[in-house]
Amino acid sequence: MRILSGIQPSGALHLGNYFGMMKPALELQEQGEAYYFIANYHSMTSLVDPAQRRQNTLGVALDFLACGLDPQRTVFFRQSDVPEVTELTWLLSTVTPMGLLERCHSYKDKLAKGLSPNHGLFAYPVLMAADILIYDSNVVPVGRDQKQHVEVTRDIAIKFNELYGETFVIPEPQIREDVAVVPGTDGQKMSKSYGNTIELFGEEKATRRKIMSIVMDSRRPQEPKPDADQNLAIQLLRLVAPPDTARDYEARLRAGGLGYGDLKKALFEHYWAHFATARQRRSELATHLDHVEHVLRDGAARARAVARVVLARAKVAAGLE
Ligand code: ADP
Ligand code: TRP
């Protein structure tokens, strides 16, 4: 089974990215042949600063390696190191109905926010389809917001296969229902674009401040809180603390007597401890950047070997070769 996923280097990774995508993807490494990449072409639709892109790309590479990506097992690379994917994007775009892209939520959301869209933003799901199809991927672990893009990929692959004969493997999205949407510090979906993130490897003081500033209601500490399970800090605590500990805090909040300040302090401590080992590993890796670069280049060579074969298959099918 081949597993594939990508993440854009559009900013520092946060708990939503970690629990929604990275952690499930890293767990899947054991179950098949995993291909994970840094979607730097995709990031061009929203980020135009080259230095920032380079820095974010390195940051994402360090994050994945620190969190347990095993480069011996898993093929880990930068999207643009396999330029074949852009050629496949063209082939796919010629079988992609406009309506399919016009219906994509992420595109519609950006339009609704008043962003004036470039063609890249509109065509984004076609590049994503090429990312998936060029490696004959079977399973694509992503957060719920990316599910529609994987469905678009399936539609494109089915259409191409109908028109040109069996060429592509039809992939399945895989969404972990238990952590489908991680809430941000304001209660909305945690997202780089909402400024409500808790960074995965944020600086200690800044992150503590961010967690302590999560807004709660004005009920007094002694009051029982029957809705304790909905509390934002409790929801986040469930992700970073052992289950018994999170249940214990929830029960204390429900019963009354636990102040929000103490709850948020506990949240910070558990967050900090949860990522302590990875944080240590990350700072070691940051002093061996030549190793990180080597991992990415080696991954690209392995990925490219597969991409060339699949692209050639598609070109023959389409009568280009
Ligand atoms: P952002 O919204 O911060 O820009 P991306 O869109 O780059 O995040 O998402 C990268 C990956 O992380 C995707 O697979 C996405 O589904 C997942 N993800 C992002 N935010 C969350 C969240 N709050 N909860 C769960 N998964 C998330
Ligand atoms: N669009 C995805 C995101 O923003 C990133 C991505 C690009 C991706 N290509 C992919 C994810 C292929 C899975 C498979 O999160």
Side-chain angles (χ1 to χ4, degrees), residues 2-26 28 34-47 56-57 59-60 63-64 67 75 77-80 82 85-86 88-89 92 101 104-107 109-110 113 115 120-121 123-154 156-157 171-200 232 235-236 238-239 303 307:
R2 192 164 287 160
I3 305 150
L4 173 128
S5 197
I7 190 150
Q8 293 192 62
S10 49
L13 298 191
H14 53 72
L15 296 186
N17 299 137
Y18 179 75
F19 288 105
M21 182 269 183
M22 246 172 119
K23 184 166 179 254
L26 291 172
L28 279 173
Y35 281 58
Y36 296 147
F37 67 94
I38 307 172
N40 55 354
Y41 281 143
H42 273 110
S43 73
M44 295 182 74
T45 61
S46 59
L47 177 73
N56 293 348
T57 303
V60 172
D63 291 350
F64 268 83
C67 289
V75 179
F77 58 102
R78 266 181 300 249
Q79 187 181 29
S80 63
V82 187
V85 77
T86 60
L88 184 62
T89 302
L92 299 179
L101 300 180
C104 284
H105 301 306
S106 68
Y107 173 68
D109 290 352
K110 284 176 183 144
K113 285 206 188 94
L115 236 100
L121 188 66
Y124 181 113
V126 190
L127 176 58
M128 182 155 161
D131 288 329
I132 296 171
L133 300 176
I134 206 163
Y135 302 110
D136 281 342
S137 314
N138 305 106
V139 176
V140 185
V142 283
R144 184 176 291 166
D145 58 330
Q146 293 294 322
K147 187 167 180 239
Q148 190 186 30
H149 288 156
V150 183
E151 281 158 2
V152 166
T153 301
R154 289 169 58 91
I156 294 174
E172 297 281 344
Q174 180 167 311
I175 319 280
R176 282 261 305 256
E177 294 301 334
D178 50 338
V179 282
V181 178
V182 176
T185 52
D186 58 357
Q188 290 190 80
K189 175 198 139 155
M190 187 178 287
S191 170
K192 275 162 263 170
S193 36
Y194 301 153
N196 63 356
T197 63
I198 298 171
E199 286 183 19
L200 188 49
L232 193 52
Q235 289 181 47
L236 293 169
R238 278 193 204 115
L239 297 171

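Side chains are part of it too, since the values below use all heavy atoms of this structure and drop only hydrogens, waters and symmetry mates. Atoms within a ligand are numbered from 1 in the order they appear, just like the ligands themselves.
Under a 4.0 Å criterion applied to the non-hydrogen atoms of M190, ligand 1 contributes the atoms 20 (N), 21 (C), 22 (C), 23 (N). The contact set between ligand 2 and S5, taken as ligand atoms under 4.0 Å from a residue heavy atom, comprises 13 (C). Shown in contact with V140 at under 4.0 Å from a heavy atom are these atoms of ligand 2, numbered in order with element: 13 (C), 14 (C). Residue contact check: Y124 has heavy atoms under 4.0 Å from atoms 1 (N), 2 (C), 3 (C), 4 (O) of ligand 2. For ligand 2 and L4, the ligand atoms under 4.0 Å from any heavy atom of the residue are 12 (C), 14 (C). Of all the atoms in ligand 2, the ones that sit under 4.0 Å from a non-hydrogen atom of H42 are 7 (C), 9 (N).
H42 places a side-chain N or O within donor-acceptor distance of the main-chain N or O of Y124, the cut-off being under 3.5 Å. The backbone N or O of Y135 lies less than 3.5 Å from a partner atom in the side chain of R2, making a donor-acceptor pair. Panel note: side chain Q174, backbone V139; no donor-acceptor pair is recorded below 3.5 Å. Distance alone, capped at 3.5 Å, places no donor-acceptor pair between the N196 side chain and the T185 backbone. The main-chain N or O of H105 is found under 3.5 Å from a side-chain atom of Q148 such that the two form a donor-acceptor pair. A distance-only check finds a donor-acceptor pair linking the side chain of N40 to the backbone of S80 [under 3.5 Å].
At a heavy-atom cutoff of 4.0 Å, ligand 2 is contacted by the side chain of F37 but not by its backbone. For I132, every heavy-atom contact with ligand 2 shorter than 4.0 Å involves the side chain, none the backbone. In V142, the part holding a heavy atom less than 4.0 Å from any atom of ligand 2 is the side chain. Under 4.0 angstrom from ligand 1, the non-hydrogen atoms of N17 come from both its backbone and its side chain. If you look at Q146 next to ligand 2, the close heavy atoms, those under 4.0 Å, all belong to the side chain.
Every N/O-N/O distance between V181 and ligand 1 stays at or above 3.5 Å. At a 3.5 angstrom cut-off on N or O pairs, D145 counts as close to ligand 1. On a distance-only criterion, S193 and ligand 1 share no N/O pair closer than 3.5 Å. Where the criterion is an N or O separation shorter than 3.5 Å, residue side chain and backbone included, Q8 meets it with respect to ligand 2. Taking only nitrogen or oxygen atoms, main chain and side chain alike, I7 does not reach within less than 3.5 Å of ligand 1. Considering both main-chain and side-chain atoms, R144 never comes within under 3.5 Å of ligand 1 through any nitrogen or oxygen pair.
Residue K147 qualifies as open at atom NZ: its count of foreign heavy atoms under 6.0 Å is 12 or below.
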- request: Decide yes or no on side-chain contact (heavy atoms from CB on, under 4.5 Å) for N56 and S43, but give the supporting numbers first.
  value: CA-CA 10 Å; N56 293 348; S43 73; over 6 Å; no
message: Checking C67 against L200 for the side-chain contact (heavy atoms from CB on, under 4.5 Å) test, could you report, in this order, the C-alpha distance in whole Å, the side-chain angles of both residues, the deciding distance, and whether it holds?
response: CA-CA 10 Å; C67 289; L200 188 49; 4.3 Å; yes
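Of all heavy-atom pairs spanning P171 and L133, the tightest one is CD-CD2, 4.1 Å.
The shortest contact between atom 13 (C) of ligand 2 and any protein heavy atom is with G6 N, 3.5 Å. Closest to atom 9 (N) of ligand 2, if we only count protein heavy atoms, is D131 OD2, 2.7 Å.
Between atom 17 (C) of ligand 1 and the options Q146, M22, M21, the minimum heavy-atom separation is to M21. The nearest non-hydrogen atom to atom 22 (C) of ligand 1, considering only P183, S10, G16, comes from G16.
No side-chain heavy atom of M21 sits under 4.5 Å from any side-chain heavy atom of P141.
Across L28, I7, L4, a single residue satisfies side chain to side chain contact (heavy atoms under 4.5 Å, CB included) together with Y36, and that is L28.
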